[in-house]
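Let me begin by presenting the structure, written as structure tokens, before commenting on it.
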Amino acid sequence: MSVVENLQQAATASLTTIFGQAFTEKDFQVNQTKPEFEGDYTVVLFSLVKSLKLSPDAIGTKLGDHLIRNNPSLFTAYNIIKGFLNLTVSDSYWMELLSKYHNDECFGKKKMNGQKLMVEYSSPNTNKPIHLGHLRNNFLGWSVAEIFKASGYDVIKTCIVNDRGIHICKSMIAWQLFANGATPETTGIKGDHFVGNYYVKFNDEYKRQVETLKAEGLTQEEAEKEAPIMKATQQMLLDWEAGKTDVMALWKKMNNWVYAGFDITYKKIGSDFDKTYYESNTYLLGKKIVAEGLQKNVFVQEADNSVWIDLTTDGLDKKIVQRRDGTSVYMTQDIGLAEQKYDEYKIDRSIYVIGDEQNYHMKVLKLIAEKLQLPNAENIYHLSYGMVELPNGKMKSREGNVVDADEIVDEMERVAKEKTEELGKVKDFTAEELVALYHNIGLGALKFFLLRVDPKKKMIFNPEESIDFHGFTGPFIQFNHARIKSILRKAPGSTLQGFGTPGGFLPLEKELMVALEQYPTIIQQACDEMNPSAIAIYVYHIAKTFSSFYTEHSIAGAETEEKKQLRLQLASMTANIIKSGMNLLGIAVPERM
RNA sequence: GGUCCGGUAGCUCAGUUGGAUAGAGCAUCAGCCUUCUAAGCUGAGGGUCAUUGGUUCGAAUCCAAUCCGGAUCACCA
């Protein structure tokens, strides 16, 4: 139990005893004490004034006295300033915590709680390579899954590959028209990029045809419908759903090119999945459920054969679930997948890591699932995150203005190499060790950059400015970890056994100690909010506090042996928490850098 | 137009769910490496928390209105 929880409980009990009426933890607030005041944690007294009809100071004095008398091992002193009761936590409490956990790499992690949940993330389309926006999704999904694991959940990481549909046909048509039989092998272009280029080509040609038709007198809408390349694409989708052999062969060939490319990227960025679904398998189940929904009158069929759901009574619009030509839409396969996930894994919760541009889609999906009475429909949760934007607006694959994932990872590794060589601290590393180090630092910088921001908020990336390696960054935190490891290598074997309290803590020692103690609470908070940035901000705070401490006070050369042992333990616990926290973000921390 | 999200330092972001004098990083300026790793540390400058009103002991935080920006409302995914 954390100090805050202890304090909340103790104060609730004390108030009830002193004043003879019932209190709960919500009747007052507990904060960390501001550095300019004496104490560690603060009870805000104002909210108690009304019900007790006493001054804040009178309440504070009684509460402070009672708390210290009844919890001598926890609190040793208090003061009251302007309605704030500041309590000082006893040194022995901190000493005990340190000696118990300084070497515990699992500090803050919980035991299995028996709940099973699924995190769906990444979920690429097979018509274009991964870009920076997708990286935010990948890092977020992976990290949230790890945070759930650390909180005791049984987690299944999953990915739905959107491997079919009109968008895939666009790349296929463009390849037929323009490629002259070229392949990734003949061109030397990575498969996902190769196919993505044809997706862009489709769009260019489509635009050109629309303009031509408009010049011939058609309206925009007519031209979009009549453009030959679009008609060919729609025909191809029909042929695909009919299983026409040459279309299927081309589809398989091109998708395999993309998968070969994705494999390389996924390996590089550390995305992995326990289960991969393919839309080409799930859409049929979706169509089956649509048919059943028609029987149940959840869906209605229009005269032109298209199938709809009317959500106007829920404050939404009508939504199509199957086209008039009988082909399935995005929603169709998502309905099928929702059921399949539950059938296969009997999950308690199903989390979808999907961009906020699809808030409406996900709201509709959940509503449909509920109306169809799919199992566990109410436990569908959309983890919605903001787009990564460039200074001049949104990234769009079909217009080619994207920050490519492979390129930016390579760029980060290149910068890591450059900076490492400049500093020249790891000249004895083997070639292999160097490659791993550049990778960990470069990718660490990138992951931290994307994860340190609240997922719900959109973020701006300026390619001109690149990603920093100084300050509130991954490499700064990695550096402090390496620095601690270096100290521990030189002065190993810390133990406080046989030592008493080494004469109180210095302010920076205390600050670090208080922060370290909060790690379990932070994991809990990050889990509740599904928010890795809480971990990122916290780990940075730890590293920053340690860094100040490190420059102010010598660890190996401390004034006394007790002080030295205490500081070694503090350093060790700091390193463990940095490592543990960074691992929850998917970032490795080097022993040296 | 309907719905939803956002607006905090020059830039990128925090702000413990209503608490004490609103904080970091980058950028700018001034210091600090014969001592445990300077990817570092210390300090300075930089704010009408979009605006106005309200709620109360107390508001960046809650409510209302207004202004600005974005997403979405597709037989695209």
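Naming: A, B, ... by sequence-line order, numbering from 1 per chain.
- Heavy atoms of His481(A) sit nowhere under 4.0 angstrom from any nucleic acid atom.
- In this structure, Lys50(A) places its NZ atom 16 Å from P of rG18(B), rounding to the nearest Å.
- Counting any heavy atom pair closer than 4.0 Å across all strands shown, Ser548(A) reaches sugar-phosphate atoms only and no base atom.
- Here Ser547(A) lies in heavy-atom contact (under 4.0 Å) with sugar-phosphate atoms only.
- Backbone-only engagement by Lys544(A) is indicated by non-hydrogen atom pairs under 4.0 Å involving sugar-phosphate atoms exclusively.
- Just one residue in the list Phe546(A), Phe476(A), Phe448(A) forms a ring-ring contact (aromatic ring centres under 6.0 Å, His included) with Tyr540(A), and that residue is Phe476(A).
- Counting non-hydrogen atoms under 4.0 angstrom, Ile441(A) reaches a base of the nucleic acid.
- A donor-acceptor contact under 3.5 Å links the side chain of Thr420(A) to the base of rA39(B).
- Using a 4.0 Å heavy-atom cutoff across all strands shown, Lys485(A) reaches no nucleic acid atom at all.
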Protein heavy-atom contacts under 4.0 Å, written 5' to 3' over nucleotides 67-77 of chain B as B (base), S (sugar-phosphate only) or - (none), form the string ---SSSS-BSB
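- The gap from the P atom of rU12(B) to that of rA27(B) amounts to 15 Å, rounded to the nearest Å.
- Side-chain contact between Arg567(A) and Phe549(A) is present, with at least one heavy-atom pair separated by less than 4.5 Å.
- Base engagement by Phe37(A) is indicated by at least one non-hydrogen atom pair under 4.0 Å involving a base atom.
- Taking the six-membered ring where the residue is Trp, Tyr519(A) and Tyr538(A) present parallel rings, their angle staying beneath 30° rather than reaching 60°.
- Separating the C1' atom of rA71(B) from that of rA77(B) is a span of 16 Å, rounded to the nearest Å.
- Nucleic acid contact for Asn86(A): base, since at least one base atom lies under 4.0 Å from a heavy atom of the residue.
- Contact annotation: side chain of Thr42(A) to base of rA20(B), donor-acceptor pair present below 3.5 Å.
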